[in-house]
Asker: 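I have a structure I would like to understand better, so I am pasting it below and will then ask my questions one at a time.
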Amino acid sequence: MAHCTVEEAEKILDKEFKVLDKGFVRLVDYLGSDERIIQAARVSYGDGTKTALQDEALIDYLMRQQHTSPFEQVVFTFHLKMPIFIARQWVRHRMARMNEISGRLSIMKEEFYVPDIKNIDPQKKDKLERALEPLEPEEAEKIQKEFKKEQKRSYEEYKDLIERGLAREIARINLPLSLYTEFYWQMDLNNLFRFLKLRLDIHAQLEMREYAKTILQIVKTVCPVATASFENIMLGSVAFNGEEIDALRKVLAGQSNPLTGKKLDRFLAKVKNGIQL
Ligand SMILES: Cc1cc2nc3c(=O)[nH]c(=O)nc-3n(C[C@H](O)[C@H](O)[C@H](O)COP(=O)(O)OP(=O)(O)OC[C@H]3O[C@@H](n4cnc5c(N)ncnc54)[C@H](O)[C@@H]3O)c2cc1C
């Protein structure tokens with residue numbers, strides 16, 4: 001048993017990985033690594049199976065069997081800077097510990113998220129997410145200017161209220177969700193994999209996915225073996241329901257696919273593109 005350090009992870013400690021226009025992800029600290037998962041797992045397997053499974057195979061086995069508790073022995077602390085509307089989604093992942101900048105103690109900085117022109121997209125019809133086809137550039141530019149104008153106006157109002165002696169906790173209430181916030185965030189690897197599965201998915205908001213991609217790279221640096229298993233077993237998987245399994249069996253047996261309409265669309269999206277619609 002030993003304290004785990006990972007050479008590559010030591011190199012990225014404290015480094016700010018830029019996300020969006022003004023945000024970042026910074027790895028403050030980590031506890032454990034692939035080695036810790038193995039140490040923890042071997043406690044439950046005892047001497048009998050000690051040499052039966054090689055380390056990588058053991059981690060892969062744990063992931064496949066959803067024997068998740070050894071992954072909980074690895075813990076990450078991040079310093080994150082993101083717009084408030086992303087932080088609102090972030091905090092829904094409850095199995096974490098966080099400490100955020102206080103708008104009561106501090107004067108909020110004039111830092112707002114301004115989406116890139118290419119990311120100012122229309123709403124997808126009858127769907128949760130953005131449409132893939134971009135807006136006309138002139139229209140997107142116009143909207144971007146409107147965002148900036150309103151952000152400037154609301155910050156000037158905030159500054160003015162502070163100068164007039166209003167309490168910071170009340171002066172801030174009209175600041176928009178595009179304002180950047182910062183927090184420390186700690187989560188274990190099991191919950192972090194769950195978080196990544198949900199937030200790397202195409203249904204997650206684009207800005208959220210950008211943060212999740214950066215977190216994935218950091219996690220991969222600390223735990224390359226466990227992350228490879230996660231990418232293959234959790235990230236690369238889709239879940240088939242009973243009707244779909246039945247359809248798969250029939251198709252593999254050379255029979256026609258019994259699914260039609262939306263059920264067929266969902267089935268094909270999974271089979272062809274690995275997408276859960
Ligand atoms: C695409 C997308 C859209 C979403 N839309 C919305 C939305 O419109 N509105 C909204 O409110 N949320 C929304 N969410 C948030 C979502 O409902 C979950 O709250 C969020 O993804 C956190 O997932 P989680 O519960 O697995 O994570 P965590 O909160 O980190 O929990 C991890 C696991 O711990 C266990 N756990 C957590 N808390 C408890 C508890 N109290 N008791 C017992 N076990 C617990 C559960 O097994 C859980 O799966 C959305 C999420 C996604 C990915």
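Side chains included, hydrogens not; waters and symmetry mates left out as well; all remaining heavy atoms used.
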Asker: Please enumerate all residues that pass ring pair (Phe, Tyr, Trp, His ring centres under 6.0 Å) together with Y158, with sequence neighbours excluded.
Answerer: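 Y158 satisfies ring pair (Phe, Tyr, Trp, His ring centres under 6.0 Å) with Y155 once adjacent residues are dropped.
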
Asker: How about F24 and H79: are their ring centroids closer than 6.0 Å?
Answerer: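 Yes - the distance between ring centres of F24 and H79 falls below the 6.0 Å cut-off.
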
Asker: With sequence neighbours left out, what residues match E141 under side-chain hydrogen bond (donor to acceptor under 3.5 Å, both in side chains)?
Answerer: none

Asker: Salt bridge or not between K81 and E111? Use side-chain N to carboxylate O under 4.0 Å.
Answerer: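 Yes, this pair counts.
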
Asker: Is V74 reachable from M234 through a run of hydrophobic residues whose side-chain heavy atoms are each under 4.5 Å from the next?
Answerer: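 Yes; V74 is reachable from M234 via cluster members.
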
Asker: Which pairs with one or both residues in residues 216-228 pass side chain to side chain donor-acceptor pair (under 3.5 Å), sequence neighbours excluded?
Answerer: K220-E231

Asker: Report the distance from atom CD of E110 to atom CD of Q151, rounding to the nearest 0.5 Å.
Answerer: 9.0 Å

Asker: Which residues pass the salt bridge (charged side-chain N to carboxylate O under 4.0 Å, His left out) test with D246, sequence neighbours left out?
Answerer: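 Only K250 meet the salt bridge (charged side-chain N to carboxylate O under 4.0 Å, His left out) criterion with D246.
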
Asker: Partners of Q65 by side-chain hydrogen bond (donor to acceptor under 3.5 Å, both in side chains), sequence neighbours excluded?
Answerer: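 In terms of side-chain hydrogen bond (donor to acceptor under 3.5 Å, both in side chains), with neighbours along the sequence ignored, Q65 is linked to no residue.
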
Asker: Scan for ring-ring contact (aromatic ring centres under 6.0 Å, His included) pairs involving residues 103-145, sequence neighbours excluded, and state none if there are none.
Answerer: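 For residues 103-145, and leaving out neighbouring residues, the ring-ring contact (aromatic ring centres under 6.0 Å, His included) pairs sorted by first residue read F85-Y113.
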
Asker: Does a side chain donor of either R36 or Q39 reach within less than 3.5 Å of an acceptor in the other side chain?
Answerer: yes

Asker: Is any NZ, NE, NH1 or NH2 atom of the basic residue among R153 and E157 found under 4.0 Å from an Asp or Glu carboxylate oxygen of the other?
Answerer: yes

Asker: side-chain hydrogen bond (donor to acceptor under 3.5 Å, both in side chains) with K213: which residues, sequence neighbours excluded?
Answerer: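 For K213 the side-chain hydrogen bond (donor to acceptor under 3.5 Å, both in side chains) partners, ignoring immediate neighbours, are E210.
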
Asker: For D21 and Y180, does a side-chain donor sit closer than 3.5 Å to a side-chain acceptor?
Answerer: yes

Asker: ring-ring contact (aromatic ring centres under 6.0 Å, His included): which pairs involve residues 229-277, sequence neighbours left out?
Answerer: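 Those involving residues 229-277 are F193-F230.
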
Asker: For Q54 and E56, test the side chains for any donor-to-acceptor distance below 3.5 angstrom and give the result as yes or no.
Answerer: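 Result is no, nothing qualifies.
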
Asker: Salt bridge (charged side-chain N to carboxylate O under 4.0 Å, His left out) with K109: which residues, sequence neighbours excluded?
Answerer: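 For K109, the residues satisfying salt bridge (charged side-chain N to carboxylate O under 4.0 Å, His left out) (neighbours in sequence not counted) are E182.
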
Asker: Please enumerate all residues that pass salt bridge (charged side-chain N to carboxylate O under 4.0 Å, His left out) together with E16, with sequence neighbours excluded.
Answerer: none

Asker: Residues two or more places apart in sequence or in another chain: which of them pass salt bridge (charged side-chain N to carboxylate O under 4.0 Å, His left out) with R26?
Answerer: D14

Asker: D188 and N191: side-chain donor and acceptor closer than 3.5 Å?
Answerer: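 A pair is found: one side chain offers a donor N or O, the other an acceptor, under 3.5 Å apart.
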
Asker: Under a 4.0 Å N-O cut-off, is there an ion pair linking E8 with K11?
Answerer: yes

Asker: Less than 4.0 angstrom from a charged side-chain N to a carboxylate O is my criterion; do E207 and R130 meet it?
Answerer: yes

Asker: Answer with yes or no whether the side chains of N174 and S154 bring together a donor and an acceptor at under 3.5 Å.
Answerer: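 The criterion, which ignores hydrogens and geometry beyond distance, is not satisfied for N174 and S154.
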
Asker: Under a 4.0 Å N-O cut-off, is there an ion pair linking D160 with R164?
Answerer: yes

Asker: For K145, enumerate each residue passing the side-chain hydrogen bond (donor to acceptor under 3.5 Å, both in side chains) test, keeping only those at least two apart in sequence or located in another chain.
Answerer: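 Result, side-chain hydrogen bond (donor to acceptor under 3.5 Å, both in side chains) vs K145: none returned.
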
